[in-house]
**Q** 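I am attaching a structure below and will ask some questions about it afterwards.
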Amino acid sequence: MVDRESFIRSRRDRGRPARISDIAYEGLMPMTVYCGIDWAEVHHGVAIVDDSGGLVARLRIGDAAGYRQLIDLLADAGDNPQQPIPVAIETSRGLLVACLRATGRQIYAINPVAVARYRDRYTVSRTKSDHVDAVVLANILRTDMAVHRPLPNDSELVQAIAVLARAQQDAVWDRTQAHNKLRSLLREYYPTFLLAFRDARGGITRPEARAVLAAALTPTQAATLTSDDLADALRRAGRQRGITAEADRLHQALATATLHQPPLVEQAMGRQALALLRALDTACLNAEDLAAAAEQSFDQHPDAEIITSFAGLGRFVRARWPNRWGDWADSWSCSAGQERGWAAGRGSRSTSCPTA
């Protein structure tokens with residue numbers, strides 16, 4: 001009887017990986033294989049190793065045709081619906097990951113920093129290689145699969161909620177960045193405007209503040225505004241109550257004597273503030289729109305009523321719940337509770353089942 005190493009070597013010499021079905025046919029001990037994919041923007045390196053760490057097959061794929069080659073390679077390596085080959089990759093997003101998740105196999109999203117630490121076990125060179133990284137990822141599953149968590153088997157709706165929740169969080173960060181840039185500029189030539197909205201919730205991100213700033217981009221322009229002009233700006237921003245009192249307050253605050261930049265410099269800074277204001281308007285609109293979309297998707301979840309009943313969950317925080325914990329039934333599937341990976345590889349948390 002041919003030993004397994006000789007059989008695998010003969011398969012490699014013919015340019016074919018050793019399949020589990022072939023090994024069983026030859027009367028050899030079945031082997032377990034693991035797949036690692038070094039993800040990149042254009043091409044992906046694929047490596048399959050056996051349970052002894054030997055390289056069974058390697059491949060470089062790119063577009064949709066490359067994905068079909070990957071599926072064929074996994075099938076030749078023994079992949080089947082009953083025992084799908086697990087895959088390790090450095091990202092939890094993208095078309096490749098989505099297609100692999102659709103096959104029902106376990107996908108392990110390994111942090112790139114962890115992969116870099118594992119790489120030192122196999123090579124001392126600092127040179128990065130797609131093939132080496134793919135082999136490292138496959139060996140991570142071979143040696144340490146138990147300490148890594150696969151991506152949760154979430155429903156399509158939960159995955160959609162996760163996309164919207166992450167996008168809204170990114171929009172909030174963009175809004176904060178745009179706010180900080182505009183505020184930093186206003187400090188250099190328009191401090192009276194910042195003082196006028198210092199105590200208002202949201203500061204200069206409020207619609208009223210952005211409307212007033214659009215009407216008076218410089219202190220010189222602000223000095224020419226009347227209370228009626230400010231009231232019109234407040235109405236355009238959507239304010240409905242206390243318009244006259246607020247307009248009078250802003251008129252008094254903006255008319256306060258202050259230092260000025262040279263006229264031409266002040267005008268230039270006003271044009272710069274207008275550009276930053278447009279960016280802030282867009283960021284605020286995106287954050288609000290994505291928050292509403294996430295809430296609408298969350299309301300379609302079958303467990304929305306249960307999650308909403310928890311005390312302390314606000315309107316958008318409840319929409320982020322499926323992004324963090326996935327489907328409710330999977331998250332609380334045992335009496336003692338189980339550790340679940342946070343969606344999209346955002347860490348882990350130990351949980352326990354709710355009690356009546």
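Quick note: residue numbers are just sequence positions, from 1.
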**Q** Measure the OH-CG distance between Tyr118 and Asn139 for me, rounded to the nearest 0.5 Å.
**A**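 So the OH of Tyr118 and the CG of Asn139 are separated by 10.5 Å.
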**Q** Return the set of residues passing side-chain contact (heavy atoms from CB on, under 4.5 Å) with Ala293 (not counting sequence neighbours), or none when no residue passes.
**A**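 Per chain and number, Ala293 pairs via side-chain contact (heavy atoms from CB on, under 4.5 Å) with Leu164.
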**Q** Consider only side-chain heavy atoms of I, L, V, M, F, W and Y, link residues closer than 4.5 Å, and tell whether Ile85 and Ile71 are in one cluster.
**A**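 Result: yes, single cluster for both.
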**Q** Which residue pairs pass the side-chain hydrogen bond (donor to acceptor under 3.5 Å, both in side chains) test with at least one member in residues 265-275, sequence neighbours excluded?
**A**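 Listed by first then second residue: Thr220-Glu266, His260-Glu266.
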**Q** Between Tyr189 and Val265, is any pair of side-chain heavy atoms under 4.5 Å apart?
**A**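 Sidechains of Val265 and Tyr189: no contact.
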**Q** Looking at Arg60, I want to see if its CZ is surrounded by more than 12 non-hydrogen atoms of other residues, nucleotides or ligands under 6.0 Å.
**A**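 Not more than 12 within 6.0 Å, no.
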**Q** Can you tell me how far apart SG (Cys35) and CD1 (Ile89) are? Round to the nearest 0.5 Å.
**A**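 Cys35 SG to Ile89 CD1: 8.5 Å, rounded to 0.5 Å.
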**Q** Give a yes or no on whether Leu234 and Leu217 share a hydrophobic cluster (residues Ile, Leu, Val, Met, Phe, Trp, Tyr; joining criterion: side-chain heavy atoms under 4.5 Å apart).
**A**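 As far as the 4.5 Å side-chain criterion goes, Leu217 and Leu234 are connected within one cluster.
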**Q** Assess, by modelled atom type and distance only, whether the side chains of Ser227 and Asp248 contain a donor and an acceptor separated by less than 3.5 Å.
**A**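 Yes.
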**Q** My understanding is that only residues two or more places apart in sequence, or in another chain, count here; which of them pass side chain to side chain donor-acceptor pair (under 3.5 Å) with Arg119?
**A**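 Applying side chain to side chain donor-acceptor pair (under 3.5 Å) to Arg119 gives Asp133.
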**Q** Which heavy atom of Ala77 sits nearest a heavy atom of Val33, and at what distance?
**A**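 Heavy atoms only, the tightest pair is O-CG2, 3.7 Å.
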**Q** List for me each residue that meets side chain to side chain donor-acceptor pair (under 3.5 Å) alongside Thr91, sequence neighbours excluded, and say none if there are none.
**A**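 Side chain to side chain donor-acceptor pair (under 3.5 Å) list for Thr91, sorted by chain: empty.
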**Q** In terms of the angle between their ring planes, are His301 and Phe298 parallel, tilted or perpendicular, with boundaries placed at 30° and 60°?
**A**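 Answer is parallel, since the angle falls under 30°.
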**Q** Are Leu194 and Leu274 connected in a single hydrophobic cluster, I mean Ile/Leu/Val/Met/Phe/Trp/Tyr linked by side-chain heavy atoms less than 4.5 Å apart?
**A**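 Yes; tracing contacts between hydrophobic side chains, which count when under 4.5 Å, links both residues.
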**Q** My understanding is that only residues two or more places apart in sequence, or in another chain, count here; which of them pass side chain to side chain donor-acceptor pair (under 3.5 Å) with Glu246?
**A**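 Counting only residues at least two positions away or on another chain, Glu246 forms a side chain to side chain donor-acceptor pair (under 3.5 Å) with Arg249.
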**Q** Quick one: list whatever passes side chain to side chain donor-acceptor pair (under 3.5 Å) with Asp228, sequence neighbours left out.
**A**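 Residues passing side chain to side chain donor-acceptor pair (under 3.5 Å) with Asp228: none at all.
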**Q** Is a salt bridge present between Asp232 and Arg235, judged by a nitrogen-to-oxygen distance below 4.0 Å?
**A**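 Judged by the 4.0 Å cut-off on N to carboxylate O distance, Asp232 and Arg235 do form a salt bridge.
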**Q** Could you give me the CA-CA distance, side-chain angles and deciding distance for Ile61 and Leu73, then say whether side chain to side chain contact (heavy atoms under 4.5 Å, CB included) is met?
**A** CA-CA 11 Å; Ile61 62 175; Leu73 181 67; over 6 Å; no
**Q** Report yes or no: do Leu276 and Val172 belong to one cluster of Ile/Leu/Val/Met/Phe/Trp/Tyr joined by side chain heavy-atom distances under 4.5 Å?
**A**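 Per the 4.5 Å side-chain linkage, Leu276 and Val172 are not co-clustered.
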**Q** Nearest 0.5 angstrom please: Asp174 CG to Leu280 CG, how far?
**A**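 Between atom CG of Asp174 and atom CG of Leu280 there are 11.0 Å.
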**Q** Got more than 12 heavy atoms from elsewhere within 6.0 Å of CZ, Arg239?
**A**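 Yes, because the 6.0 Å sphere around CZ of Arg239 holds more than 12 heavy atoms from other groups.
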